[in-house]
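Below: one structure, written as structure tokens.
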Amino acid sequence: MAPFLAHLSRLLQQTRIPAHPRIAAGIAALAATAAGSAWLYIRGRRPSAIELERRRRDHLTLHGRITDGSIVDARSHEGAESISPTPDLLLFRYRIAGVTYDCAQDVSLLPECTAGYRIDQPVQVRYDPRNPGNSIIVSEAWSGLRMKPQRMLPF
């Protein structure tokens, strides 16, 4: 360790930076603060996984093509079959250009949009024409589920 400090001291003298320990500590603290601030700025601008998924749904809602499909299954996040009126995952199937796609969508954040679904229900699927495996059946602004209209009950 002593040879390293001696070498560092010689470097500081050659670069004409004062070798006083307080100044060296201040420079090191300033460099660490700048690096930490830059990292927090870059890290803070990265969207969360939930935000990325919402952006994907919005993109497909605006730019996706529509085809017919059907709901195959409903599951919980643990992988068990779901009999809940608002499942966590909806598994669906659709066919494009002779290729059958089996996909799943996490709908746990959209319970009001999926209430009343049923297995083997025909649905409309929005998909990306450049990547047909990228698809949705429900989003915040659009739903491909064909729901029966809710009847108003008299009070």
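Numbering of residues begins at 1 and proceeds along the displayed sequence. Being a predicted model, the structure only gives us computed values, none of them experimental.
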side-chain contact (heavy atoms from CB on, under 4.5 Å) partner of Arg93, the single match among Asp102, Val123, Val125 = Asp102
query = Honestly curious: do Ile50 and Ile136 fall in one hydrophobic cluster under the side-chain, below-4.5 Å linking rule?
reply = no
task = Answer yes or no: is there an ion pair linking Arg75 with Asp73, defined by an N-O contact shorter than 4.0 Å?
result = yes
query = Distance from His63 atom NE2 to Arg130 atom CZ, nearest 0.5 Å?
reply = 9.0 Å
message = One thing to verify: whether Glu140 and Arg57 come together as a salt bridge, which I'm taking to mean a side-chain N less than 4.0 angstrom from a carboxylate O.
response = yes
ask   = Roughly how far, to the nearest 0.5 Å, is the CG atom of Asn134 from the CZ atom of Arg126?
value = 13.0 Å
Nearest-0.5 Å distance that lies between atom CD in Glu53 and atom CG in Asp58 = 10.0 Å
query = Taking atom types as modelled and ignoring hydrogens, do the side chains of Arg95 and Thr100 form a donor-acceptor contact shorter than 3.5 angstrom?
reply = yes
request  = Could you grab the distance from atom CD1 of Ile42 to atom OG of Ser37, nearest 0.5 Å is fine?
outcome  = 11.0 Å
ask   = Got a second to check how far Gln124's CD is from Thr67's OG1, nearest 0.5 Å?
value = 9.0 Å
request  = Search all heavy atoms of Tyr101 against all heavy atoms of Ile96 and return the closest pair with its distance.
outcome  = CE1-CB, 4.1 Å
note = Nearest heavy-atom contact between Thr61 and Ser139 is OG1-OG, 2.8 Å
request  = Tell me yes or no: between the side chains of Ser135 and Tyr94, is some donor less than 3.5 Å from an acceptor?
outcome  = yes
ask   = Taking the side chain from Gln105 and the backbone from Ile137, do they hold a donor-acceptor pair closer than 3.5 Å?
value = yes
ask   = Measuring from Arg46:CZ to Leu52:CG, what's the distance to the nearest 0.5 Å?
value = 10.0 Å
ask   = Closest approach of Asp128 and Leu60, non-hydrogen atoms and distance?
value = N-CD2, 3.6 Å
message = For a quick test of reading the model, state the closest non-hydrogen atom pair linking Leu90 to Ala74 and the distance between them.
response = CD2-CB, 4.0 Å
ask   = Cluster question for you: counting only ILVMFWY and a side-chain heavy-atom cut-off of under 4.5 Å, with indirect links fine, are Trp142 and Leu62 together?
value = no
ask   = Would you call Leu89 and Val107 a side-chain contact if the rule is heavy atoms closer than 4.5 Å?
value = no
remark   = Between Thr114 and Leu145 the two heavy atoms that sit nearest each other are CA-CD1, 3.9 Å
